[in-house]
There are 2 protein chains.
Amino acid sequence: MSRRGQPNVSTPERRQVILAAALACFDEFGVAATTVDQIRDQARCSIGSLYHHFGGKEGVASALFIEGISDLNAGLLLRLEACASAEEGVRTVVLHYADWVSRQPQLARFLLHSREIHFAPEAKSELKAIYQRHFGAVFSWFGRFVLRGEMKQLPPETYIPIISGPIEDYARLWLSGRTRTPLAEVAEVFAEAAWNAVRAR
Amino acid sequence: MSRRGQPNVSTPERRQVILAAALACFDEFGVAATTVDQIRDQARCSIGSLYHHFGGKEGVASALFIEGISDLNAGLLLRLEACASAEEGVRTVVLHYADWVSRQPQLARFLLHSREIHFAPEAKSELKAIYQRHFGAVFSWFGRFVLRGEMKQLPPETYIPIISGPIEDYARLWLSGRTRTPLAEVAEVFAEAAWNAVRAR
DNA sequence: ATCACATTAGAATTTAATTCTAGAATATGC
DNA sequence: GCATATTCTAGAATTAAATTCTAATGTGAT
């Protein structure tokens, strides 16, 4: 089934099992506090296997991070393509984020609470490429509305914080259990606030 | 100089030396990657001393976190008391944050990038008390303007993300070196956006 | 069947965190 | 000014975790 020198079929499954086990541990104990052995237990694999596929805890965390970010980004672009106005686009950015976090709270918690990962050089450049591609696409989508004068002209690096910052901040709050009101119930408020902050008037 | 059973004079200095050393290490290597020995080297103290005062790396990180948050909060309240209008208050929240982060980038980086600290129960409840006191004061300051109809009436837990979320998000960006434009240059934009998002219209 | 390589396993090693015991410093009561 | 209670400092000893390494096994290609 596979060519010489290529991974066999079961490999992707094994990787996924390890990633899932790691996410469960990270979520329960925190990235710093989970041990490689805990992941190994949960994934029912050997140390050797884990190190072979990911090179250690950092490697597992990196892979999980990249997988999560990619999924989040891909989903947004898909929904954004279907929007017809600046307002719809801005609202979609906020609402998609709220949806995604509500649906994958564990993964979201991991992405938001883990600025402590030490990516290996390759992971770092892969991430950089992902970000560039994604934000490039998003900016090119919104760009025309700024040109048409439907959105405020602002320093480019301020759009993302202004539009996404609040819902992200609230998501952090909700994910950490410090507020009960579900994202879905307040997402509209943030969508509205984001649009008010960037609409031309 | 000190009473029986009480810490001697040099103790506070020693604690500060250790905290400063830890901050430098955390900033250079990340919290997870710095070892207790690195902190000990930098602080020129013994393991015993470090464990005596803080009980370990987590303890040092907790103390640093509480110290940082307290300083940030105290500064804001001070400036807020001097404000006369809702708009001035909202702008002050944003601008003070920008100022503080610009002035203490290392400490700010530590506060923002360290959601991975496992606080001991006492530290946890101390933090909780600090937050309650602080946000209680801030909400009581702003409350009247909502009542007077000068600010929008919104779900209470959404004000902080809406007002502070964007500048916080941008601060993260700037602190991680992914953008060059200094906070001071864009702070006005965020202050303006925050006010637009919460003003009654 | 046999080869090349990916994969798995777990023992051995290395490295870091934490505990523990003892001694030095400090301020006070007498 | 000496006895004493207590804090503080030091670093060796211990424990726990991360990582490396060697050998064995599985898999598909030829």
Side-chain angles (χ1 to χ4, degrees), chain A residues 1-22 25-26 28-64 114 116-123, chain B residues 1-22 25-26 28-64 114 116-123:
Chain A
M1 213 185 282
S2 60
R3 272 181 283 110
R4 194 175 161 154
Q6 284 210 337
N8 72 39
V9 215
S10 70
T11 298
E13 295 170 27
R14 167 70 56 136
R15 280 180 62 99
Q16 282 310 118
V17 168
I18 293 176
L19 287 178
C25 291
F26 291 165
E28 185 170 358
F29 311 113
V31 177
T34 66
T35 71
V36 173
D37 273 353
Q38 287 174 312
I39 299 174
R40 184 191 52 78
D41 280 352
Q42 182 114 51
R44 306 180 149 284
C45 72
S46 68
I47 315 258
S49 187
L50 195 151
Y51 271 83
H52 171 73
H53 287 293
F54 299 101
K57 201 170 77 173
E58 296 280 309
V60 176
S62 303
L64 205 50
S114 305
E116 269 285 317
I117 303 170
H118 279 63
F119 296 100
E122 316 104 59
Chain B
M1 213 183 282
S2 58
R3 274 181 283 111
R4 195 189 173 142
Q6 284 211 337
N8 72 39
V9 216
S10 71
T11 298
E13 293 171 27
R14 167 69 58 135
R15 280 179 62 98
Q16 282 310 118
V17 168
I18 294 176
L19 287 177
C25 291
F26 290 164
E28 185 171 358
F29 311 113
V31 177
T34 67
T35 70
V36 173
D37 273 353
Q38 287 174 311
I39 299 173
R40 183 191 52 78
D41 279 353
Q42 184 113 50
R44 307 180 148 284
C45 71
S46 68
I47 314 261
S49 188
L50 195 150
Y51 271 83
H52 172 73
H53 287 293
F54 298 101
K57 201 171 76 172
E58 296 280 308
V60 177
S62 302
L64 206 50
S114 304
E116 270 285 318
I117 302 170
H118 279 62
F119 296 100
E122 316 104 60

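As the structure is a prediction and not an experimental result, all values here were calculated from the model. Naming: A, B, ... by sequence-line order, numbering from 1 per chain.
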Nearest-nucleotide pick for B:Thr35, side chain only, options being C:dA16, D:dT20, C:dT19: C:dA16

DNA chain C nearest-nucleotide lookup for A:Ser46 and B:Lys57: closer to the 5′ end is A:Ser46

Which heavy atom in B:Val17 sits nearest to a heavy atom in B:Ala43, and how many Å separate them? CG1-O, 3.7 Å

Is there a side-chain contact between B:Thr35 and B:Phe29 (heavy atoms, below 4.5 Å)? no

How close or far is atom C1' of D:dA17 from atom CD of A:Glu58, stated in whole angstroms? 14 Å

Closest to the 5' end of DNA chain C, once A:Gly48 and A:His52 are matched to their nearest nucleotides, is A:His52

How many Å lie between CZ on B:Phe54 and P on C:dT19, as a whole number? 17 Å

Nearest heavy-atom contact between B:Val60 and B:Ala22 is CG1-CB, 3.3 Å

5' precedence on DNA chain D between B:Ser49 and A:Asp37 (nearest-nucleotide basis): B:Ser49

Atom-to-atom span, OH of B:Tyr51 to P of C:dA16 - whole angstrom: 13 Å

Return the value, rounded to whole Å, for the distance between atom CZ of A:Arg40 and atom P of D:dA17. 12 Å

Provide, to the nearest angstrom, the distance between the CG atom belonging to B:Leu50 and the P atom belonging to D:dG11. 14 Å

Between C:dA17, C:dT8, D:dA17, which nucleotide has the shortest distance from any of its atoms to the side chain of A:Arg14? C:dT8

Just by modelled atom types, is the B:Tyr51 backbone N or O under 3.5 Å from a matching donor or acceptor in the B:His53 side chain? no

From the options C:dT8, D:dC8, C:dA17, select the nucleotide whose nearest atom is closest to the side chain of A:His53. C:dT8

Nearest-Å distance, CD1 (A:Ile39) to C1' (D:dA17)? 12 Å

To the nearest Å, give me how far apart CD (A:Glu13) and P (C:dT7) are. 13 Å

Would you mind reading off the distance between A:Ile47 atom CD1 and C:dA11 atom C1', rounded to a whole angstrom? 10 Å

Backbone N/O of B:Val31 and side chain of B:Lys57: donor-acceptor pair under 3.5 Å: yes

